[in-house]
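Note on naming: letters A, B, ... go to the chains in the order of the sequence lines (proteins, then strands), and numbering restarts at 1 for each one.
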Protein chains: 2
Amino acid sequence: MATQTAERATTRNTIQRALVLEAVRSLHNHPTSADVYEVVREKHPNISRATVYRNLGVLANRGEVLRVEVPNGADRYDFLNRPHYHAKCRVCGGVFDVDMPYQSDILAKVSDAHGFAIEEHEIIFNGVCSECRKAEGR
Amino acid sequence: MATQTAERATTRNTIQRALVLEAVRSLHNHPTSADVYEVVREKHPNISRATVYRNLGVLANRGEVLRVEVPNGADRYDFLNRPHYHAKCRVCGGVFDVDMPYQSDILAKVSDAHGFAIEEHEIIFNGVCSECRKAEGR
DNA sequence: ATACATGCAAACACTTTGCAGCACA
DNA sequence: TGTGCTGCAAAGTGTTTGCATGTAT
């Protein structure tokens, strides 16, 4: 009887998982799974992409990394915990943090969500990053 | 000389392009390219997916339809012209309009975009739609 | 007539999955 | 010592592209 609700059946600390977490922590520019894969491979050459994907998923579910879903592009991951917003460069595809206070009152501005239960929100700014502006010549 | 700057080299009215536009206009729930493809195929059975994609692109560039890029999901298209925001159901993947005034002052809240030239923004609410809430039992 | 557009199939980018064997707790 | 995890390969989505042919202008 009452043997603890069998929550979270996933808790094994493999080398691969540790390396994936370490890689996300060390990469500060919103690495894609491919970026993480490359970094981990330096120390553990025969890790598979599948394992990287699976572990990024596990870590994201646990809240140890943040998954940033980017329209038309690979998912990005980062280690920042507080919610923040992103900007995506339409030239190079890069993703950058934007300094803007978290819009905690934004829900109040929704006049009608048609019965939709909003759990979180995301704001993405589209434009051109400073590097690409220089390169493009304005 | 001076023969008009050769802008937009693409302006041919094919049946396929007209049908694609008509399909987007007739579908009111943010159709994906696949939805559009299915509808067009009823009238023009051997249109190819490539043509649908190409025409959705052309129409979006011309501003005749609005492309809604959804993270982790196919692009959606709609015919509404005024800017508005969207909600994405994490259960069924559906995309819905949200009634919220356009946040024209949002740029002023960005304290530092790090040289990024912001051209537009998008807000996506994530959660569960009313249909799926019923189905899920709460 | 001629260039843009189409249709087909193959290629592409990103991610997930089935399965046999392995290793952490 | 069992089951969660790994590696591999194959499959799955969604979209783009090369090329020969077709067609709107």
Side-chain angles (χ1 to χ4, degrees), chain A residues 3-4 6-21 23-24 30-38 40-41 43-62 64-65 67-77 88 90 92-95, chain B residues 3-4 6-21 23-24 30-38 40-41 43-62 64-65 67-77 88 90 92-95:
Chain A
T3 42
Q4 294 279 51
E7 263 217 343
R8 173 200 60 151
T10 186
T11 310
R12 193 169 288 189
N13 287 330
T14 60
I15 306 151
Q16 290 89 338
R17 187 165 297 166
L19 288 173
V20 166
L21 179 53
V24 175
H30 304 284
T32 62
S33 71
D35 298 331
V36 172
Y37 174 67
E38 287 308 327
V40 173
R41 215 147 63 117
K43 290 189 177 172
H44 198 89
N46 42 354
I47 193 171
S48 84
R49 288 175 201 280
T51 298
V52 173
Y53 278 110
R54 280 186 284 231
N55 279 323
L56 286 172
V58 169
L59 294 170
N61 283 342
R62 284 190 190 167
E64 299 194 46
V65 304
R67 190 201 306 258
V68 183
E69 301 183 342
V70 181
N72 289 339
D75 285 355
R76 308 286 188 133
Y77 296 86
K88 182 180 172 204
R90 68 167 157 74
C92 68
V95 172
Chain B
T3 43
Q4 293 280 45
E7 262 214 342
R8 175 201 60 152
T10 186
T11 310
R12 193 170 289 188
N13 288 329
T14 60
I15 306 150
Q16 290 88 339
R17 186 164 297 166
L19 288 172
V20 167
L21 179 54
V24 175
H30 304 284
T32 62
S33 71
D35 298 330
V36 173
Y37 174 67
E38 288 308 327
V40 173
R41 215 146 64 115
K43 289 191 178 171
H44 197 89
N46 43 353
I47 193 172
S48 85
R49 288 175 201 281
T51 298
V52 172
Y53 278 110
R54 280 186 285 233
N55 279 324
L56 287 171
V58 168
L59 294 170
N61 283 341
R62 284 191 190 167
E64 299 194 46
V65 304
R67 189 202 307 260
V68 183
E69 300 183 343
V70 181
N72 288 340
D75 285 355
R76 307 286 190 131
Y77 295 85
K88 182 181 171 203
R90 67 166 160 74
C92 68
V95 172

**Fill in**
Heavy-atom nearest pair, Leu56(A) first then Val24(A), reads CD2-CG2, 3.8 Å
**Asked** Looking at Ser48(A) and Tyr37(A), what are the two nearest heavy atoms and their distance?
**Response** C-CE1, 4.0 Å
[X] [atom1] to [N] [atom2]: how many Å, rounded?
| X | N | atom1 | atom2 | result |
| --- | --- | --- | --- | --- |
| Arg62(A) | dC5(D) | CZ | C1' | 12 Å |
| Asn61(A) | dT16(C) | CG | P | 11 Å |
| Asp35(B) | dG14(D) | CG | P | 10 Å |
| Asp75(B) | dA13(C) | CG | C1' | 14 Å |
| Arg76(A) | dT15(C) | CZ | P | 10 Å |
| Arg41(A) | dG7(D) | CZ | C1' | 13 Å |
| Arg49(B) | dT17(D) | CZ | P | 18 Å |
| Glu69(B) | dG14(D) | CD | C1' | 13 Å |

OP1 or OP2 of [N] versus the side-chain N and O atoms of [X]: is any pair under 4.0 Å?
| X | N | answer |
| --- | --- | --- |
| Ser48(A) | dC8(D) | no |
| Gln16(B) | dG7(C) | yes |
| Arg17(B) | dA5(C) | yes |
| Ser33(A) | dT15(C) | yes |
| His44(A) | dT6(D) | no |
| Asn55(B) | dT6(C) | yes |

Point-to-point distance, once rounded to the nearest 0.5 Å, from [atom1] of [X] to [atom2] of [Y]:
| X | Y | atom1 | atom2 | value |
| --- | --- | --- | --- | --- |
| Arg67(B) | Asn72(A) | CZ | CG | 7.0 Å |
| Arg54(B) | Arg49(B) | CZ | CZ | 13.5 Å |
| Lys88(B) | Arg76(B) | NZ | CZ | 8.5 Å |

**Request:** Report the nucleotide, chosen from dC5(D), dT15(C), dT6(C), that has the shortest atom-to-atom distance to any side-chain atom of Tyr53(A).
**Result:** dT15(C)
**Asked** Contact class for Asn72(A) vs. all strands (heavy atom < 4.0 Å): base, sugar-phosphate, or nothing?
**Response** nothing
**Asked** What about Arg54(B), does its side chain sit under 3.5 Å from the base of dG7(C) through a donor-acceptor pair?
**Response** yes
**Request:** With side chain to side chain contact (heavy atoms under 4.5 Å, CB included) as the test, would you mind laying out the steps for Leu59(A) and Arg17(A) before giving the verdict?
**Result:** CA-CA 8 Å; Leu59(A) 294 170; Arg17(A) 187 165 297 166; 4.3 Å; yes
**Asn46(A) or Ala50(B), whichever maps to the more 5' nucleotide of DNA chain D** = Asn46(A)
**Prompt:** Just by distance, do the side chain of Asp35(B) and the backbone of Thr32(B) share a donor-acceptor pair under 3.5 Å?
**Reply:** yes
Do any N or O atoms of the protein come closer than 3.5 Å to N or O atoms of nucleotides 21-24 of chain D, and which pairs are they?
residue : atom : partner  : partner atom : Å
dT23(D) : O2   : Arg12(B) : NH1          : 3.2

**Message:** I want to check something: taking the side chain as every heavy atom from C-beta on, are Leu19(B) and Ile47(B) in contact at a cut-off of under 4.5 Å?
**Reply:** no
